[in-house]
K.L.:
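Can you read through this structure? Questions will come right after.
Model, not experiment: these values are computed from the prediction. In each ligand, atom 1 is the first atom listed, and ligand 1 is the first ligand listed. Note that these values count all heavy atoms, side chains included, but never hydrogens, waters or copies made by symmetry.
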Amino acid sequence: MTDITTRLAQARREIAIAARRAGREPDSVRLVAVSKTHPAGAVETAAATGQRIFGENRVQEAREKIPACPPGLEWHLLGHLQKNKVRQALSLFSFFHSIDSQALAGAIDRIAGETGQKVDGLLEVNVSGEETKHGFTPAQVRAAFPALAALPHLRILGLMTMAPYSENPEAARPVFRALRALRDELECAHGAALPELSMGMSGDFEPAIEEGATLVRLGSSIFGQRPQIQAGAE
Ligand SMILES: *Cc1c(COP(=O)(O)O)cnc(C)c1O
């Protein structure tokens, strides 16, 4: 077994244990294997174990990598997307985790309308308030939600966040709890269905699952460390 195969199996076990600990079904949590900076061969190895969902954060990198990967995989965009790359992104990705402004949502909706697509995505919320992070503030999401939910070609399925980096996974728990509370509030206030919560990365996916994550985004714990310069790149 390769390292990737072993680490994927380990991650799936840990996800299942965290889900059961929270009284959830393990298959209520989907694993996004974050392959950014890693070659198509790494994706192929992971896909051979049955992994189907892969995440990338840069359109340019994805455009080169995806055609070299096995067919039939589901590609998710995780990073900040510039409006001038929306058209390309729509041809590569089926799911957008990080819709971080009303202008971007509008651009995705408009171009999806032109190409006859119906796009699924999540609103990225900067729960922690860190200045370096993209995303709506909770107040901005509350204000913009009715307009966003009404876009005809973009279907908002939930919320996404990134917790501040910490050595201690428990430090992220209040951020995850707050994202879930915001989701519950929006569902209640607008009668919306927002089933998806994308939260939790290699260092903090266990508290994220306990707090309700339906999508966890694991990169380094599956594929190994990335070159430092790429960590958190857009
Ligand atoms: C890179 C990245 C991840 C994966 O991070 P790891 O710590 O390697 O698991 C998850 N989410 C986003 C948005 C990322 O950019």
K.L.:
Could you tell me which atoms of ligand 1, counted from 1 in the order shown, lie closer than 4.0 angstrom to a heavy atom of R217?
P.N.:
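What qualifies from ligand 1 is 4 (C), 9 (O), 10 (C), 11 (N), 12 (C), 13 (C).
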K.L.:
Has E61 got a side-chain atom pairing as donor or acceptor with T37's backbone, closer than 3.5 angstrom?
P.N.:
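Yes, because the side chain of E61 sits within donor-acceptor range (under 3.5 Å) of the backbone of T37.
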K.L.:
Output the list of atoms in ligand 1 that are nearer than 4.0 Å to some heavy atom of L218, sorted by atom number.
P.N.:
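Counting from 1, the qualifying ligand atoms are 9 (O).
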K.L.:
Looking only at distances, please establish whether an N/O atom of ligand 1 is found under 3.5 Å from an N/O atom of G219.
P.N.:
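Yes, G219 has an N/O under 3.5 Å of an N/O on ligand 1.
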K.L.:
Using a plain distance cutoff, I'd like to know if N57 has any nitrogen or oxygen under 3.5 Å from a nitrogen or oxygen of ligand 1.
P.N.:
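No.
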K.L.:
Which ligand 1 atoms are under 4.0 Å away from a heavy-atom of L78?
P.N.:
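The atoms of ligand 1 under 4.0 Å from a heavy atom of L78 are 13 (C).
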K.L.:
Side chain, backbone, both or neither: which applies to H97 and ligand 1 if a contact is any heavy-atom pair less than 4.0 Å apart?
P.N.:
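The answer is neither.
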K.L.:
Does a side-chain N-to-carboxylate-O contact under 4.0 Å join R21 and E210?
P.N.:
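Here R21 pairs with E210 in a salt bridge, since their nearest N and O are under 4.0 Å apart.
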K.L.:
Taking 4.0 angstrom as the limit and counting only heavy atoms of M162, give me the atoms of ligand 1 inside it, by number and element.
P.N.:
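Reading through ligand 1 atom by atom, the close ones are 13 (C).
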K.L.:
Grab the two heavy atoms, one from S198 and one from R217, that are nearest each other, plus how far apart they are.
P.N.:
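Taking S198 first and R217 second, the nearest heavy atoms are OG-NH1, 2.9 Å.
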K.L.:
Any side-chain heavy atom of F54 within less than 4.5 Å of one from I66?
P.N.:
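Result no, sub-4.5 Å side-chain heavy-atom pair not found.
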K.L.:
List the residues meeting salt bridge (Lys or Arg N to Asp or Glu O under 4.0 Å) with E124, not counting sequence neighbours, and say none if there are none.
P.N.:
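By the salt bridge (Lys or Arg N to Asp or Glu O under 4.0 Å) rule, E124 matches no residue at all.
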K.L.:
Below 3.5 angstrom, do we get any N/O pair linking S220 and ligand 1?
P.N.:
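So ligand 1 has an N or O lying under 3.5 Å from an N or O of S220.
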K.L.:
Here's a test for you: under ring pair (Phe, Tyr, Trp, His ring centres under 6.0 Å), which of H76, H80, H134 qualifies with H97?
P.N.:
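It is H76, the one option of H76, H80, H134 that forms the ring pair (Phe, Tyr, Trp, His ring centres under 6.0 Å) with H97.
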